[in-house]
Amino acid sequence: MKDLIVKNVDVMGDSIKAAKDAAGNIWVGVRWVCNALDMTEGQTKRQIMNIQKDMVFGEGGSNQIPLPTNNGTQEVFCIRHDFIPLWLAKIAITKKTRQERPEFADKLLEYQLKAKDILAAAFLPKQGDTKDVQGQIKLLAQGTTELYQRVDEVSTAVRSVKADLEDFKNDMPILGIEESKITNAVKRKGVQCLGGKQSNAYQDRSLRGKMYADLYGQLKREFGVTSYKAIKRKQTETAITIIQGYTPPLVLAETIETVNAQLTFSDREDQDAL
């Protein structure tokens with residue numbers, strides 16, 4: 001292909017190889033776009049194969065263009081710049097990918113919305129060349145209808161991804177910070193029920209252990225789990241409310257009251273001295 005103008009275009013921080021032919025078409029190296037989206041070699045080959053098989057791109061939307069590479073000038077599979085939004089919109093994002101690579105979905109949307117215009121702008125003539133400017137404006141207008149039709153769909157998909165990710169986070173078992181909130185609430189409630197850290201009941205390790213065991217047991221009963229660590233993150237505040245409203249069972253409460261009513265040995269000596 002003759003009279004090619006080849007450029008490395010900065011697309012949101014990524015260097016994308018592109019070329020403008022004599023007819024004014026801008027061709028973009030598919031491999032460079034895939035690399036910018038952090039796709040593997042296998043994923044890149046699969047995208048090229050998908051474009052080649054798709055009848056939409058077969059009608060002038062893709063071509064083999066000689067572009068400079070690390071191994072010299074080679075025939076490189078390219079897509080016309082105004083087909084980029086439509087191509088990227090066809091890339092399916094699985095739920096697993098949404099959970100593990102939320103940044104991929106965001107970058108894919110950015111490329112759908114902006115890459116076409118950035119690449120076209122890189123080949124715009126210098127100010128003053130009115131004829132070429134008009135041609136470029138016409139070129140930029142190509143594919144706009146498809147883009148606008150996809151914007152709402154893509155935006156909805158991204159919002160869905162973010163909502164799914166938030167639900168996934170909330171349904172996870174508690175993490176370190178939530179675990180600390182629960183254990184600290186249990187400690188405070190246990191001290192309160194035992195009559196304070198200076199009380200006989202608190203100093204009685206066996207009784208103190210029964211107190212905390214029953215408190216944690218109450219949590220497990222309420223949430224139907226075998227360990228308080230299996231409580232979901234979104235249930236953290238509910239768990240703390242349950243802890244704050246806890247009252248020991250009657251037999252344990254009576255034992256605590258009886259132990260706290262007992263005089264210590266030193267207390268008896270003080271009373272005898274009187």
Side-chain angles (χ1 to χ4, degrees), residues 38 40 43 91-109 154-271:
D38 200 26
T40 64
Q43 291 169 333
I91 297 178
I93 303 176
T94 65
K95 186 174 182 179
K96 182 179 179 182
T97 301
R98 291 173 182 172
Q99 294 171 349
E100 296 179 351
R101 298 178 62 199
E103 72 284 354
F104 172 74
D106 291 339
K107 190 168 186 180
L108 185 61
L109 174 61
V154 173
S155 298
T156 300
V158 172
R159 287 195 295 271
S160 177
V161 170
K162 291 182 177 179
D164 288 346
L165 181 59
E166 192 62 30
D167 290 341
F168 173 74
K169 290 179 179 178
N170 286 330
D171 285 335
M172 289 177 61
I174 56 174
L175 301 177
I177 186 169
E178 290 87 8
E179 183 178 342
S180 296
K181 287 181 180 179
I182 291 175
T183 55
N184 288 337
V186 168
K187 289 176 183 177
R188 288 193 296 271
K189 190 63 179 180
V191 170
Q192 178 187 342
C193 291
L194 290 166
K197 290 187 177 182
Q198 303 304 319
S199 67
N200 292 342
Y202 186 86
Q203 299 300 321
D204 187 325
R205 293 181 61 182
S206 175
L207 184 55
R208 187 171 71 238
K210 291 178 181 179
M211 173 78 256
Y212 286 119
D214 189 73
L215 223 170
Y216 279 114
Q218 180 65 26
L219 275 181
K220 290 187 284 186
R221 289 191 294 273
E222 291 285 352
F223 292 103
V225 294
T226 56
S227 169
Y228 77 94
K229 294 182 179 180
I231 294 173
K232 295 179 180 179
R233 292 182 68 192
K234 64 183 179 183
Q235 297 173 323
T236 301
E237 294 305 320
T238 302
I240 292 175
T241 300
I242 291 172
I243 294 167
Q244 293 171 340
Y246 168 84
T247 55
L250 182 61
V251 62
L252 186 56
E254 289 180 346
T255 302
I256 292 172
E257 184 178 357
T258 300
V259 171
N260 282 338
Q262 295 174 351
L263 294 176
T264 63
F265 183 75
S266 59
D267 291 334
R268 292 196 185 95
E269 284 187 332
D270 290 340
Q271 287 193 355

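How far CG of D38 is from CZ of R101: 5.5 Å, rounded to the nearest 0.5 Å. The OH atom of Y246 sits 3.5 Å away from atom CG of D214, with the distance rounded to the nearest 0.5 Å. One distance of note links CD of E222 with CD1 of I243; it measures 10.5 Å at 0.5 Å rounding. Note that CD of Q203 and CG of L194 are 10.0 Å apart. Values are rounded to the nearest 0.5 Å.
Within 6.0 Å of atom CZ in R205, 12 or fewer heavy atoms from other residues, nucleotides or ligands are found, so the atom counts as exposed in its surroundings. The local environment of NZ in K107 is crowded, with over 12 non-hydrogen atoms from other residues, nucleotides or ligands closer than 6.0 Å. Enclosure of atom CD in Q43 by more than 12 non-hydrogen atoms of other residues, nucleotides or ligands within 6.0 angstrom is indicated. When the shell of 6.0 Å around CD of Q198 is examined, it contains 12 or fewer heavy atoms from other residues, nucleotides or ligands.
Listed for the D204 side chain is no donor-acceptor partner under 3.5 Å among the backbone atoms of V259. Judged by distance alone, the side chain of Y212 and the main-chain N or O of K187 form a donor-acceptor pair under 3.5 Å.
When all heavy atoms of A201 and I256 are compared, the pair lying nearest together is CB-CG2, 3.8 Å. The minimum heavy-atom distance linking Q244 with K189 is given by the pair O-NZ, 3.0 Å. L215 and G190 make their closest contact through CD1-N, 4.0 Å (heavy atoms, listed as atom of the first residue, atom of the second, distance).
Using a 4.5 Å heavy-atom threshold, the side chains of T183 and Y216 count as touching.
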